[in-house]
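Data first, discussion second: the structure below is written as structure tokens.
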There are 2 protein chains.
Amino acid sequence: MTTEEKRFQEKIKAIQDTMFVIGGKWKIPIILSIYSGNKRFNDISNSIPKITNRVLSKELKHLEENFLIIRSIVSDYPVRIEYAVTSYGLGLEEIAKPLESWGKKHKQKIKGK
Amino acid sequence: MTTEEKRFQEKIKAIQDTMFVIGGKWKIPIILSIYSGNKRFNDISNSIPKITNRVLSKELKHLEENFLIIRSIVSDYPVRIEYAVTSYGLGLEEIAKPLESWGKKHKQKIKGK
DNA sequence: GATACTTGTATCCAAAAGGATACTTAATAT
DNA sequence: ATATTAAGTATCCTTTTGGATACAAGTATC
């Protein structure tokens, strides 16, 4: 395998790693929701059309395991749970932006046909 | 629903649209493979570890339907099939790059723990 | 004439992702 | 005492994605 080919394989692996962490229908929307001010489970749930509790719960766990968000218990009366995007998670902006703008462009392209 | 909320919903939809078109484990790698010089079915197949014929075939169709690649029959002896990235497809660079570099960063992060 | 290569397709199956619905547990509000 | 809210979990099910393997049609090569 040439150096060139090796470099290509690494590129592929890096992209597949990313897709594993933030791929799928919901993960980026969830992060954006939290980022845009929704801290609590039901707030996040209500801000994202069609997501179910089960899916949201699972995705929150996945995101937490990957250090993108944190879950904290606020000792207030009554106690509540709050989610926040970590500073590491903020780095996803570099991906979310392109994904959003490409999606908009593509919709135009498809409609135009 | 406030204007702010409406804007947020559109953002989500745009991202979900993008994920539909280029999400999953293989689509970006396939495009990159073609872009980096592999034009023929078996070349593409061999350049991407672990992909199977069936999956490659399906993904090529999906990508073609979304105008990202074109399939052409080269009337030579023997006739062969060649794939190429369309100029529209080249626009994906703006997504592929961030996905790659984020993946690399993330691997470091995970290893560091 | 037999064999191999190319570009797939056909079948079948397994795993992952996503969805519907009901329920829980603790706390608080009426 | 009853109802409501919050933050999920539990079960069950459907759909999507991905994988293994075999095969096919056409051409070319031995």
Side-chain angles (χ1 to χ4, degrees), chain A residues 12-13 15-31 33-34 37-66 68-85 99, chain B residues 12-13 15-31 33-34 37-66 68-85 99:
Chain A
I12 289 178
K13 273 220 64 185
I15 288 171
Q16 290 180 334
D17 287 349
T18 302
M19 292 312 282
F20 174 74
V21 178
I22 56 97
K25 202 169 165 188
W26 303 112
K27 299 190 190 73
I28 301 241
I30 289 168
I31 290 172
S33 171
I34 297 172
N38 301 297
K39 303 181 194 310
R40 307 184 58 181
F41 193 89
N42 284 326
D43 295 341
I44 302 167
S45 178
N46 293 327
S47 75
I48 302 174
K50 314 237 176 189
I51 198 167
T52 65
N53 281 2
R54 182 182 168 278
V55 170
L56 178 54
S57 173
K58 284 196 143 198
E59 298 288 48
L60 286 171
K61 250 168 215 151
H62 173 95
L63 295 174
E64 203 190 351
E65 280 161 8
N66 283 279
L68 300 170
I69 62 173
I70 40 160
R71 175 187 189 274
S72 51
I73 302 166
V74 180
S75 307
D76 216 351
Y77 305 97
V79 190
R80 65 212 133 90
I81 308 291
E82 287 192 358
Y83 290 92
V85 179
L99 288 178
Chain B
I12 289 178
K13 273 220 65 186
I15 288 172
Q16 290 180 333
D17 286 350
T18 302
M19 293 311 283
F20 174 74
V21 178
I22 56 96
K25 201 168 165 188
W26 303 111
K27 298 191 191 72
I28 301 240
I30 290 167
I31 290 172
S33 171
I34 297 172
N38 302 297
K39 302 179 193 310
R40 309 184 57 182
F41 193 90
N42 284 328
D43 295 341
I44 301 166
S45 179
N46 292 328
S47 75
I48 301 174
K50 313 237 177 188
I51 197 167
T52 64
N53 280 2
R54 182 181 168 281
V55 170
L56 177 55
S57 173
K58 284 197 143 194
E59 298 286 49
L60 285 170
K61 248 169 216 151
H62 172 94
L63 294 173
E64 204 190 349
E65 280 162 8
N66 283 279
L68 300 170
I69 63 174
I70 40 158
R71 175 188 190 273
S72 50
I73 302 166
V74 181
S75 308
D76 218 349
Y77 304 97
V79 190
R80 66 213 133 91
I81 307 292
E82 287 192 357
Y83 290 92
V85 179
L99 289 178

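Order of the sequence lines sets the chain letters (A, B, ...), proteins ahead of strands, with each chain counted from 1.
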Original post:
By a strict heavy-atom criterion of less than 4.0 Å, which residues belonging to residues 52-64 of chain A are in contact with DNA chain C?
Top reply: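 Thr52(A), Arg54(A), Val55(A), Glu59(A) - these, ordered by number, are the residues of the stretch whose heavy atoms sit under 4.0 Å from the strand.
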**OP:** Please work out which residues in residues 76-84 of chain A have a non-hydrogen atom less than 4.0 Å from an atom of DNA chain C and list them by number.
**Re:**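 The stretch gives Pro78(A) as the residues lying under 4.0 Å from the strand, ordered by number.
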For [X] against [Y], the heavy-atom pair lying closest together:
X: Ile12(B); Y: Ser47(A); value: CD1-O, 4.2 Å
X: Val74(B); Y: Val79(B); value: O-CG1, 3.3 Å
X: Ile34(B); Y: Ala84(B); value: CG2-CA, 3.7 Å
X: Ser33(B); Y: Ile48(B); value: CB-CD1, 4.0 Å

Send over the distance from [X] [atom1] to [N] [atom2], rounded to a whole Å.
X: Asn42(B); N: dA4(C); atom1: CG; atom2: P; result: 16 Å
X: Lys39(B); N: dT6(C); atom1: NZ; atom2: C1'; result: 17 Å
X: Asn46(B); N: dT7(C); atom1: CG; atom2: P; result: 11 Å
X: Ile51(A); N: dA20(C); atom1: CD1; atom2: P; result: 12 Å
X: Phe41(B); N: dC5(C); atom1: CZ; atom2: C1'; result: 14 Å

Extract all donor-acceptor atom pairs below 3.5 Å that involve side chains of residues 17-31 of chain A and protein atoms in other chains or at least two apart in sequence.
| unit_1 | atom_1 | unit_2 | atom_2 | d |
| --- | --- | --- | --- | --- |
| Thr18(A) | OG1 | Ala14(A) | O | 3.1 |
| Thr18(A) | OG1 | Leu99(B) | O | 2.7 |
| Thr18(A) | OG1 | Gly103(B) | N | 3.0 |
| Lys27(A) | NZ | Gly23(A) | O | 2.7 |

Original post:
So how far is it from Glu65(B) CD to Leu60(B) CG, rounded to the nearest 0.5 Å?
Top reply: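 If I round to the nearest 0.5 Å, the distance is 11.0 Å.
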Subject >> From CD (Glu59(A)) to CZ (Arg54(A)), nearest 0.5 Å >> reply: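 One finds 10.0 Å between CD of Glu59(A) and CZ of Arg54(A).
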Original post:
chain A on DNA chain D: first and last contacting nucleotide, 5' to 3', under 4.0 Å to a heavy atom?
Top reply: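 The contacted stretch runs from dA6(D) to dC12(D).
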Original post:
What do the steps show when you test Phe41(A) against Ile81(A) for side-chain contact (heavy atoms from CB on, under 4.5 Å), and what is the final call?
Top reply: CA-CA 8 Å; Phe41(A) 193 89; Ile81(A) 308 291; over 6 Å; no
Subject >> Earlier contact from the 5' end, DNA chain D, for Gly24(B) and Arg40(A) >> reply: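 Comparing both residues, the 5'-ward one is Arg40(A).
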**OP:** Please round to 10 degrees the angle between the axis of the first five pairs and the axis of the last five pairs in the helix from dG1(C)-dC30(D) to dT30(C)-dA1(D).
**Re:**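 Computed from the C1' atoms at both ends, the axes differ by 10°.
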Subject >> Any pair counted as salt bridge (charged side-chain N to carboxylate O under 4.0 Å, His left out), so long as it reaches residues 68-81 of chain A, sequence neighbours left out >> reply: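 Applying salt bridge (charged side-chain N to carboxylate O under 4.0 Å, His left out) to every pair that reaches into residues 68-81 of chain A, excluding sequence neighbours, yields Asp76(A)-Arg80(A), Arg80(A)-Glu82(A).
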**OP:** Sorted by first residue and then second, give each salt bridge (charged side-chain N to carboxylate O under 4.0 Å, His left out) pair with at least one member in residues 37-48 of chain B; sequence neighbours left out.
**Re:**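 For residues 37-48 of chain B, and leaving out neighbouring residues, there are no salt bridge (charged side-chain N to carboxylate O under 4.0 Å, His left out) pairs at all.
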Original post:
Any side-chain heavy atom of Asn66(B) within less than 4.5 Å of one from His62(B)?
Top reply: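 With C-beta onward as the side chain, the pair touches.
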